[in-house]
Amino acid sequence: SMGGRAAMIAAAIEPRFRGVLAVSTSGYGRPSAQQPNATRFLRSIDPDNYLLSLPPRPIVFIHSANDSVVSIEDAKRSFALAGRPKEFIEANCSNHGYCSRMDAPISSKVAEILGAG
């Protein structure tokens, strides 16, 4: 989940990324603090603030409805903020993070992202 957050930010900053495959992750919901400098810092590490910098490169979210660490609602909130092209894949896993049920969609989407361009 933290790796997905870092990948979203890195891809937004580095144009050589071909896309993002985000597994069991979300942004932080555009946090704010009472002090402007603290708010600026919090937003600088929130991937939600970078999602519109990704297009035309794709972003794919893969998430489990059973994730007890990063809720699927949080992942869908971040997904809604992303520009197109984008895709949300729900995997029926019983845990947070990767599970073997994600193998096929991960393989397929990585091939699509790397094959594009």
Side-chain angles (χ1 to χ4, degrees):
S1 55
M2 285 302 292
R5 290 171 174 146
M8 288 186 268
I9 293 170
I13 293 169
E14 175 52 63
R16 291 179 291 178
F17 276 65
R18 290 201 180 160
V20 176
L21 181 66
V23 177
S24 298
T25 194
S26 70
Y28 299 112
R30 298 185 176 179
S32 62
Q34 300 223 296
Q35 299 164 352
N37 286 340
T39 295
R40 191 170 26 259
F41 169 74
L42 290 171
R43 291 186 178 168
S44 76
I45 61 169
D46 184 358
D48 285 349
N49 294 309
Y50 295 86
L51 292 170
L52 288 177
S53 297
L54 291 172
R57 298 163 297 157
I59 184 164
V60 179
F61 283 76
I62 300 178
H63 209 90
S64 174
N66 302 313
D67 193 322
S68 62
V69 176
V70 176
S71 74
I72 195 165
E73 291 80 16
D74 286 346
K76 287 181 177 181
R77 178 191 36 76
S78 290
F79 176 77
L81 296 171
R84 296 187 184 279
K86 63 182 181 177
E87 185 174 354
F88 194 97
I89 299 170
E90 190 171 325
N92 189 17
C93 304
S94 60
N95 57 306
H96 170 67
Y98 166 82
C99 78
S100 62
R101 291 187 176 149
M102 296 178 178
D103 284 348
I106 287 173
S107 294
S108 171
K109 295 304 166 184
V110 166
E112 282 180 31
I113 290 170
L114 294 179

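Keep in mind that the numbers below use all heavy atoms, side chains included, and drop hydrogens, waters and symmetry copies. For reference, positions follow the sequence shown, starting with 1.
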*Is Lys109 paired with Glu112 through a side-chain N to carboxylate O contact shorter than 4.0 Å?*
yes

*Nearest heavy-atom pair of Ala82 and Leu52: which atoms, and what distance?*
C-CD2, 4.3 Å

_Check for me, please, whether Ile106 and Phe61 land in the same ILVMFWY cluster - side-chain distances under 4.5 Å, paths through other members count._
no

*Does the pair Ile72 and Asp67 meet the rule for a side-chain contact (heavy atoms from CB on, under 4.5 Å), with working shown?*
CA-CA 7 Å; Ile72 195 165; Asp67 193 322; over 6 Å; no

*For the residue pair Leu51 and Ser78, establish whether any side-chain heavy-atom pair is separated by less than 4.5 Å.*
yes

*asked:* Using side-chain heavy atoms (C-beta onward) and a distance below 4.5 Å, is His63 in contact with Val70?
replied: yes

*Would you check if Asp48 and Arg77 make a side-chain contact, meaning some heavy-atom pair closer than 4.5 Å?*
yes

*Taking all atoms of both residues into account, what is the closest heavy-atom pair of Tyr28 and Arg5, and its distance?*
OH-CD, 3.4 Å

_Side-chain donor/acceptor of Arg18 to backbone N/O of Leu114, under 3.5 Å_ = yes

*With no hydrogens and no angle check, is any side-chain donor or acceptor of Ser64 less than 3.5 Å from a backbone partner on Cys93?*
yes

_Heavy-atom pair of closest approach, residues Lys86 and Ala80_ = NZ-O, 3.5 Å

_Check for me, please, whether Phe17 and Met8 land in the same ILVMFWY cluster - side-chain distances under 4.5 Å, paths through other members count._
no

*Closest contact, heavy atoms only, Ala12 versus Ser53*: CB-CB, 3.8 Å

*CG-OG distance between Asp74 and Ser24, expressed to the nearest 0.5 angstrom*: 12.5 Å

*Specify the closest pair of heavy atoms between Ala38 and Ala33, including all atoms of both residues, with the distance to one decimal.*
CB-CB, 3.6 Å

*In Å and rounded to the nearest 0.5 Å, what is the CG to CG distance from Asn49 to Leu42?*
10.0 Å

_Taking the side chain as everything from C-beta on, heavy atoms only, tell me whether Asn92 gets closer than 4.5 Å to Asn66._
yes

*Please check if Val110 and Ile62 belong to a single hydrophobic cluster, counting links between Ile, Leu, Val, Met, Phe, Trp and Tyr side chain heavy atoms closer than 4.5 Å.*
yes

*Compare every heavy atom of Thr25 with every heavy atom of Ser1, then report the nearest pair and how far apart it is.*
O-OG1, 2.6 Å

*Indicate yes or no for a side-chain donor-acceptor contact from Ser44 to the backbone of Phe41 under 3.5 Å, with no hydrogens or angles considered.*
yes

*Check whether Tyr98 and Ile89 end up in the same hydrophobic cluster, where Ile, Leu, Val, Met, Phe, Trp and Tyr are linked by side-chain heavy atoms less than 4.5 Å apart.*
yes

*Mind checking whether Leu54 and Phe79 sit in one hydrophobic cluster, side chains of I, L, V, M, F, W, Y counted as touching below 4.5 Å?*
yes

*Does Gln35 CD have over 12 foreign heavy atoms under 6.0 Å away?*
no

_Side chains of Arg57 and Pro85 in contact at under 4.5 Å (non-hydrogen atoms)_ = no

